[in-house]
Colleague: 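This is the structure I want to talk about, given as structure tokens.
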Protein chains: 2
Amino acid sequence: MEHFDDALARKLEAFERLGDLEMEKLRELQSKRVQIAGGNEIGYQAASARGAYILRRGWACSYKRLRDGSRQIIDIHIPGDFLGVRSLLLRSSNYSFITLTDVEVAKVTVEALREMFQTAPKLAVAFLWAASRDEALVVEHLVSVGRRGALERTAHFLLELGARLHLIGCGTGDSYECPISQAVLSDTLGMTTIHLNRVLRQLREIGLVVFREGMVKFPDIQRAAEFTGFELGYLDHSRRS
Amino acid sequence: MEHFDDALARKLEAFERLGDLEMEKLRELQSKRVQIAGGNEIGYQAASARGAYILRRGWACSYKRLRDGSRQIIDIHIPGDFLGVRSLLLRSSNYSFITLTDVEVAKVTVEALREMFQTAPKLAVAFLWAASRDEALVVEHLVSVGRRGALERTAHFLLELGARLHLIGCGTGDSYECPISQAVLSDTLGMTTIHLNRVLRQLREIGLVVFREGMVKFPDIQRAAEFTGFELGYLDHSRRS
DNA sequence: CGAAGCGTTGAGTATAATCAATTCTGGTGG
DNA sequence: CCACCAGAATTGATTATACTCAACGCTTCG
């Protein structure tokens, strides 16, 4: 029953049922584990030893810092997420990863990936699906930042995050632990910390979202989804491609 | 010398030198060509017959429309770009494609792709590189919309577009034909048409970018790059992975 | 000629950023 | 135990940025 401490397995199972072979390969792939404390760069040792990581425990984020010191967070990463697949092929990955909490990651080499692709094609397809989904998340994020107002955008993001967490077995569906600061969230949503703070207060007052003491709660998740126009289509939860 | 009317070949060559085999496969892959007039949806016939396209001539864009009628353009597509690779695996591609000019596309089936991956692995790697690059473009776009001011954002996007065009042999390096309306550009950059119009006027007055009559010109491209903090790292022009 | 699409401009408003402080918390060391 | 500190959250006042509403000029096209 390795399933239930392995967020990645859970996530991939949402796409395709995995047999013993796949579970075994998945475990193998995640054998080189590393613990990293919160607030540290991931994988920035030698540019040559570039590789991908699987986030097993804790939260991280990918971001880009601009000349003026501001930063845009591309995506918040939760257990079961890949980090750095893009940079495997693209020489100049122009952004970085930092841990938001203490984490455990598994380092994945290109060779291990290649091996996995050949011996467990079913798993390979599931991986590609996950990669597509991650890209769809970025696209949705772009849409949010470009065209949604601050209230809508904030609530939408927190809903999406809740859905992602639920998929890997975290949270209750209308609430979850959320160990990130307002500064991190504001850099994700493309606004000032101060402004986000006011937005969060409004959302609390309206009774749509309560973000407090490391917890996110939706008093009326139906109404919140309606308010933000949240559809989980692009998360693609249902089985079958 | 098929090279020089094939934007895709040019683009991939920037990553890896292609031999006769690869050129042949590339031609094969693009044999099913279709002409589409400007302002039309691409590939929205039957959801079942989903597939990818290679844009051979003309411009298009991918976008998502929101409930309130507004839209966010994810990316502007120029010759040599793929359309719809994401949606091959992800059942619910939540966005659409529309042509901005008359175009010629080549329809690519999953089978043809698979065949190409097996018989021309060099080409396969180049394809994956291109896909990674496209994703990096979206990421950069997100950063722009989230953290750059309107002036900077607009100039940055036009510079990037120029670099992409130059790679496939269009434009002179500091000017290019740009057949898109201000409405399209503003939906790309996440602002109002009206506001974009004023921004463009300012950019013209400062002498950074001139966007006029379907042409984009940079009177002093060095200064423009400096102003916007433009780096072409993520476009990854140089040969070698 | 009128209609439609695109670009342009002005005036007023809304939204979000900036500057400046204050509170609250958990940790640290005396 | 308390004083102190740093980080995070919060509030107010002011300014800047971008949106809305309303028009008008220009071109193209039927």
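Residue numbering restarts at 1 for every chain, and letters A, B, ... go by the order of the sequence lines.
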Colleague: How long is the line joining CG of B/Asp68 and P of D/dC19, in whole Å?
Modeller: 13 Å

Colleague: Run the ring pair (Phe, Tyr, Trp, His ring centres under 6.0 Å) test against B/Phe227 and tell me which residues pass, sequence neighbours left out.
Modeller: none

Colleague: Per the ring pair (Phe, Tyr, Trp, His ring centres under 6.0 Å) rule, what does the pair list look like for residues 169-225 of chain A, sequence neighbours excluded?
Modeller: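 For residues 169-225 of chain A: none.
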
Colleague: A/Ile180 or A/Arg147: which one's nearest nucleotide on DNA chain D is closer to the 5' end?
Modeller: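 Its nearest nucleotide lies further toward 5', so the answer is A/Ile180.
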
Colleague: Sequence neighbours left out, what passes side chain to side chain donor-acceptor pair (under 3.5 Å) with A/Ser132? Give chain and number order.
Modeller: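 Once residues adjacent in sequence are excluded, A/Ser132 has no partner under the side chain to side chain donor-acceptor pair (under 3.5 Å) criterion.
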
Colleague: Sort and list the pairs that fulfil salt bridge (charged side-chain N to carboxylate O under 4.0 Å, His left out) and have at least one residue in residues 176-197 of chain A, not counting sequence neighbours.
Modeller: A/Arg71-A/Asp187, A/Asp187-B/Arg147

Colleague: Under the rule for salt bridge (charged side-chain N to carboxylate O under 4.0 Å, His left out), what residues qualify as partners of B/Lys64, not counting sequence neighbours?
Modeller: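 In terms of salt bridge (charged side-chain N to carboxylate O under 4.0 Å, His left out), with neighbours along the sequence ignored, B/Lys64 is linked to A/Glu140.
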
Colleague: Among residues at least two apart in sequence or on other chains, which ones pass side chain to side chain donor-acceptor pair (under 3.5 Å) with B/Thr228?
Modeller: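 Side chain to side chain donor-acceptor pair (under 3.5 Å) list for B/Thr228, sorted by chain: empty.
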
Colleague: Quick one: what's the B/S/- string for nucleotides 10-17 of chain D, heavy-atom cutoff under 4.0 Å, read 5' to 3'?
Modeller: BBBB----

Colleague: What does B/Gly214 touch in the nucleic acid at a heavy-atom separation under 4.0 angstrom: a base, only the sugar-phosphate, or nothing?
Modeller: nothing

Colleague: Mind jotting down which residue pairs meet the salt bridge (charged side-chain N to carboxylate O under 4.0 Å, His left out) criterion with at least one end in residues 213-222 of chain A? Sequence neighbours excluded, please.
Modeller: A/Asp220-A/Arg223

Colleague: Shoot me the first and last contacting nucleotide of DNA chain C against chain B, ordered 5' to 3', at under 4.0 angstrom to non-hydrogen atoms.
Modeller: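 So the contact region on DNA chain C extends C/dG7 to C/dA11.
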
Colleague: Begin from the C-alpha positions of B/Asp102 and B/Arg57 and carry the test salt bridge (Lys or Arg N to Asp or Glu O under 4.0 Å) through to its verdict.
Modeller: CA-CA 8 Å; B/Asp102 295 351; B/Arg57 190 174 45 77; over 6 Å; no

Colleague: For a quick check, with a 4.0 angstrom heavy-atom cut-off, what is the B/S/- contact string for nucleotides 25-30 of chain D, read 5' to 3'?
Modeller: ------

Colleague: At under 4.0 Å between heavy atoms, what does A/Ser181 touch on the DNA or RNA strands: base, sugar-phosphate, or nothing?
Modeller: sugar-phosphate

Colleague: List in chain and number order the residues that pass side chain to side chain donor-acceptor pair (under 3.5 Å) with B/Asp134, two or more places apart in sequence or in another chain; answer none if no residue qualifies.
Modeller: none

Colleague: Excluding sequence neighbours, so at least two apart, what forms side chain to side chain donor-acceptor pair (under 3.5 Å) with B/Thr188?
Modeller: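 So B/Thr188 forms no side chain to side chain donor-acceptor pair (under 3.5 Å) with any residue.
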
